[in-house]
Visitor: 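One structure, pasted below without further comment.
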Amino acid sequence: MSAFHDPRQAPVPSSSPSGNDDAARPVIKVTGVVLRRASDGCVLTVRKRGTSMFMFPGGKPEAGESPEETGIREVREELGIELSAADLVPVGEWHSDAANEPGHGLHSHVFMSTVALTQTPVPAAEIEELRWQPLDGVEDVPDLAPLARWYALPTVRGTQS
């Protein structure tokens with residue numbers, strides 16, 4: 001991904017799988033799920049053990065899994081929340097920099113759950129910490145993963161206005 005000078009300016013998303021120099025670096029495929037809090041619309045972000053960046057619950061697909069199946073399984077494993085494919089709406093698909101794997105690209109599918117959370121879930125598996133993230137001002141949150149900060153949360157915010 002090319003450098004940019006204005007820290008508030010989002011990197012330009014790739015329009016093809018070969019964008020952002022993905023052909024020249026390893027690419028990690030992941031699915032993330034946006035979970036909203038019923039009371040105020042804040043989004044749940046997670047920090048995995050041994051990392052410093054907050055991101056959406058989710059992860060890498062197992063053999064043969066669709067992006068939706070990956071999101072459903074990962075949310076169940078990481079937070080104990082049961083979702084179905086009918087609970088998920090697509091937010092987008094992006095190519096960006098990986099948050100915790102320097103030199104890697106990320107090919108991400110992001111979904112939003114239509115089921116708003118009324119309680120904070122209990123972290124499980126590799127999840128070390130949970131944080132509720134307001135949609136406003138995400139571009140100013142330095143420990144928010146690039147996918148969430150520059151692409152998915154601004155897209156979610158745009159659909160709410």
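Along the sequence shown, the residues carry numbers beginning at 1. Below, each value reflects all heavy atoms present in this structure, side chains not excepted, and no hydrogens, waters or symmetry copies.
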Visitor: Not counting sequence neighbours, which residues clear side chain to side chain donor-acceptor pair (under 3.5 Å) with Gln133? List them please.
Guide: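 Listed in chain order: nothing, the list is empty.
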Visitor: Would Val46 end up clustered with Ile72 when hydrophobic side chains under 4.5 Å apart are linked, directly or stepwise?
Guide: yes
Visitor: For Arg37 and Leu117, indicate whether the former's side chain and the latter's backbone hold a donor-acceptor pair under 3.5 Å.
Guide: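 No.
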Visitor: Which residue pairs pass the side chain to side chain donor-acceptor pair (under 3.5 Å) test when at least one of the two sits in residues 57-66, sequence neighbours left out?
Guide: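 For residues 57-66, and leaving out neighbouring residues, the side chain to side chain donor-acceptor pair (under 3.5 Å) pairs sorted by first residue read Glu65-Thr70, Glu65-Arg73, Ser66-Glu68, Ser66-Glu69.
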Visitor: To the nearest 0.5 Å, how far apart are NE2 in His107 and CD1 in Ile28?
Guide: 13.0 Å
Visitor: Taking salt bridge (charged side-chain N to carboxylate O under 4.0 Å, His left out) as the criterion, tell me which of Glu78, Glu128, Glu129 meets it with Lys48.
Guide: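 Answer after filtering Glu78, Glu128, Glu129: Glu78.
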Visitor: Between Thr51 and Arg47, is there a donor-acceptor pair closer than 3.5 Å when you use the side chain of the first and the backbone of the second?
Guide: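 No; judged by distance alone, with no hydrogens or angles, the pair does not exist.
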Visitor: Tell me, do Asp143 and Ser52 make a side-chain contact under 4.5 Å, heavy atoms counted?
Guide: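 No, their side chains stay 4.5 Å or more apart.
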Visitor: Any side-chain heavy atom of Arg131 within less than 4.5 Å of one from Val141?
Guide: yes
Visitor: Can you tell me how far NZ of Lys29 sits from OG of Ser108, rounded to the nearest 0.5 angstrom?
Guide: 11.5 Å
Visitor: Find out whether Val156 and Arg36 are in side-chain contact, i.e. whether some heavy atom of one side chain is under 4.5 Å from a heavy atom of the other.
Guide: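 Yes, at least one pair of side-chain atoms sits under 4.5 Å.
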Visitor: Might you point out which heavy atoms bring Cys42 and Asp40 nearest each other, and give the distance in Å?
Guide: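 What the structure gives for the nearest pair is N-OD1, 3.0 Å.
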Visitor: Looking at side-chain heavy atoms only, is the closest gap between Ile81 and Val33 below 4.5 Å?
Guide: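 Result no, sub-4.5 Å side-chain heavy-atom pair not found.
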Visitor: Looking at residues at least two apart in the chain, or sitting in another chain, which of them share a side chain to side chain donor-acceptor pair (under 3.5 Å) with Arg76?
Guide: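 So Arg76 forms no side chain to side chain donor-acceptor pair (under 3.5 Å) with any residue.
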Visitor: Could you give the distance from CE (Met112) to CZ (Phe56), rounded to the nearest 0.5 Å?
Guide: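 Going from CE on Met112 over to CZ on Phe56, the span is 10.0 Å.
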Visitor: For Asp136, check side chain to side chain contact (heavy atoms under 4.5 Å, CB included) against everything at least two apart and list the hits.
Guide: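 By the side chain to side chain contact (heavy atoms under 4.5 Å, CB included) rule, Asp136 matches Arg157.
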Visitor: Are Leu130 and Leu79 side-chain neighbours, meaning at least one heavy-atom pair lies under 4.5 Å?
Guide: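 Of all side-chain heavy-atom pairs linking Leu79 with Leu130, at least one is under 4.5 Å.
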Visitor: Under the side chain to side chain donor-acceptor pair (under 3.5 Å) rule, what pairs show up with a residue in residues 111-122, not counting sequence neighbours?
Guide: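 Passing the test, one end in residues 111-122: Thr120-Trp132.
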Visitor: Asn100 vs Met55, test: side-chain contact (heavy atoms from CB on, under 4.5 Å). Steps then yes/no.
Guide: CA-CA 10 Å; Asn100 294 310; Met55 59 193 60; 3.0 Å; yes
Visitor: Tell me every residue that passes side chain to side chain donor-acceptor pair (under 3.5 Å) with Glu101, counting only those two or more places apart in sequence or in another chain.
Guide: none
Visitor: Are any of the side-chain heavy atoms of Ser96 and Trp150 separated by less than 4.5 Å?
Guide: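 Counting from C-beta outward, Ser96 and Trp150 never come under 4.5 Å.
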Visitor: Counting C-beta onward and ignoring hydrogens, is there a side-chain heavy-atom pair between Leu153 and Leu144 closer than 4.5 Å?
Guide: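 In short, these two side chains touch, coming nearer than 4.5 Å.
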Visitor: If you compare all heavy atoms of Ile127 against all heavy atoms of Arg49, which two are closest, and at what distance to 0.1 Å?
Guide: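 Closest approach of Ile127 to Arg49: O-NH2, 4.0 Å.
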Visitor: Does some side-chain heavy atom of Arg25 sit less than 4.5 Å from a side-chain heavy atom of Asp97?
Guide: yes
